[in-house]
There are 2 protein chains.
Amino acid sequence: MSEIVNSKIEHYVTVTKALSDSNRVRALCALRKGELCLCQIIELLGLAPSTISKHMSILKQAGLVNSRKDGRWVYYRLADKKDEIFIQDIIKLSLLGLEQDQQVVADDRQMAEINSWGLEMLCKRNKGCCEN
Amino acid sequence: MSEIVNSKIEHYVTVTKALSDSNRVRALCALRKGELCLCQIIELLGLAPSTISKHMSILKQAGLVNSRKDGRWVYYRLADKKDEIFIQDIIKLSLLGLEQDQQVVADDRQMAEINSWGLEMLCKRNKGCCEN
DNA sequence: TGTATATTTCGTTAGATGGCGAAATAACGA
DNA sequence: TCGTTATTTCGCCATCTAACGAAATATACA
């Protein structure tokens, strides 16, 4: 399941590739406050579910996030791996450095909003929840 | 000349994109010992001059290296920018973390060899320098 | 001035990437 | 069990990227 990586550079590049898309970085930043359901990340980024799913699998493949399944929902959280310490430090540093970013601040605000809705309300977004 | 970047995330992603190619990472690692002529990096990585030139311009665009021209030769060195501190820390951390990488160690050895030749000897590689 | 050499720019090509929607899968609830 | 919903997988398409060689540019040296 997990990628076999024989060199540090190879692993490092897997990580930097994962970090080289702004939507993935936004997702990572959103996760620094705690775990999120996939559907919340979908709502935050406003992309197709299949697209977000792919993004999260890239982050997971790179070892940056972990996931757990709870019923129909899949929750993602920042990985807390203890190996490859310098890469974990890079992630921490990155998240810290991006704290002040306009988009990240805006995302925080939107995430608070999204959180307040609850998952059941959020997840039937396909049908239009209020005025159908 | 330098890229206008209005958001931290955008700048961050420019940097991670620059770091998401193993040849560019190898070039960066090679530069941690001091400045190098483009032709030395060409020799180290074994790619076409135009390819290396492109790689170095991407690193430069991202603010990771600076260059100076001396006659026919262009020398690159790690950038020592003082702004965007967290990104500089990330580069330092990355270089430190990659010190032990097999490829980096091998590159160090080869670079020592390349250095011992001198630029004049090195640069007429097109013609075959010894047994033509 | 003219030739050689180092580097950059340009155009092309093969392969990677990000996006989507449709279909498949998994799990809840009636 | 059957329908609904959340997520993933798949196939497709548009765009980006890394690589090359050829041509352009810049500089040294004869």
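A, B, ... follow the sequence lines: proteins, then strands. Residue 1 opens every chain.
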Mind checking L47(A) for me? I need base, sugar-phosphate or nothing, with any heavy atom below 4.0 Å counting as a touch.
-> sugar-phosphate

Could you say whether M56(B) or S20(A) is positioned toward the 5' end of DNA chain C, judged by the nucleotide with the nearest heavy atom to each?
-> M56(B)

Interatomic distance where CD1 belongs to I52(A) and P belongs to dG18(C) [whole Å] = 12 Å

Closest nucleotide among dG19(C), dA27(C), dA18(D) to the D21(B) side chain | dA18(D)

Whole angstrom value for the distance that separates P of dT7(D) from CZ of R68(A) | 12 Å

Closest nucleotide among dT9(C), dA22(C), dT5(C) to the S50(A) side chain = dA22(C)

May I have the distance from W73(B) (atom CH2) to dT8(C) (atom C1'), rounded to whole angstrom?
-> 17 Å

Could you give the distance from OG (S94(A)) to CG (L28(A)), rounded to the nearest 0.5 Å?
-> 8.5 Å

Length of the NZ-P vector between K17(A) and dA18(D), whole Å | 7 Å

Expected output: side-chain N66(A) to main-chain R77(A) donor-acceptor under 3.5 Å | no

Candidate nucleotides dG21(D), dT7(C), dG18(C), ranked by approach to the side chain of L38(B) - the nearest | dT7(C)

One should read off an interatomic distance between N23(A) CG and L59(A) CG, to the nearest 0.5 angstrom, of 10.5 Å

Looking at the side chain of N23(A), which of dT17(D), dT8(D), dG19(C) is the nearest nucleotide?
-> dG19(C)

Contact under 4.0 Å: R24(A) side-chain N or O vs dG18(C) OP1/OP2 | yes

Here the distance between atom C1' of dT7(D) and atom CZ of R72(A), to the nearest Å, is 11 Å

Should V25(B) and I58(B) be counted in the same cluster of Ile, Leu, Val, Met, Phe, Trp and Tyr side chains packed under 4.5 Å apart?
-> no

Rounded to the nearest Å, what distance is computed from the CD atom of residue Q61(A) to the P atom of nucleotide dT9(D)?
-> 11 Å

Round to a whole Å and report the spacing from CZ of R26(B) to C1' of dA18(D).
-> 15 Å

Picking from dC20(D), dG18(C), dA18(D), which would you name as closest to the side chain of H55(A)?
-> dG18(C)

Assess whether one donor atom and one acceptor atom, taken from the side chain of T51(A) and the base of dG18(C), lie less than 3.5 Å apart.
-> no

Output the single nucleotide from dT9(D), dC20(D), dT5(D) whose closest atom is nearest the side chain of A48(B).
-> dC20(D)

Using whole Å, report how far NZ of K54(A) lies from C1' of dG21(C).
-> 15 Å

Looking for any heavy atom pair under 4.0 Å, which part of the strands does K69(A) touch: base, sugar-phosphate only, or nothing?
-> sugar-phosphate

Sole residue of E35(B), K33(B), R32(B), Q88(B) in side-chain contact (heavy atoms from CB on, under 4.5 Å) with L78(B) | R32(B)

Against the side chain of I58(A), the closest entry in dG18(C), dG19(C), dT7(D) is dG18(C)

Okay, side chain of R68(B), backbone of Y75(B): is any donor-acceptor separation there less than 3.5 Å?
-> no

Choose from dA18(D), dC28(C), dT7(D) the nucleotide whose nearest atom is closest to any side-chain atom of C37(A).
-> dT7(D)

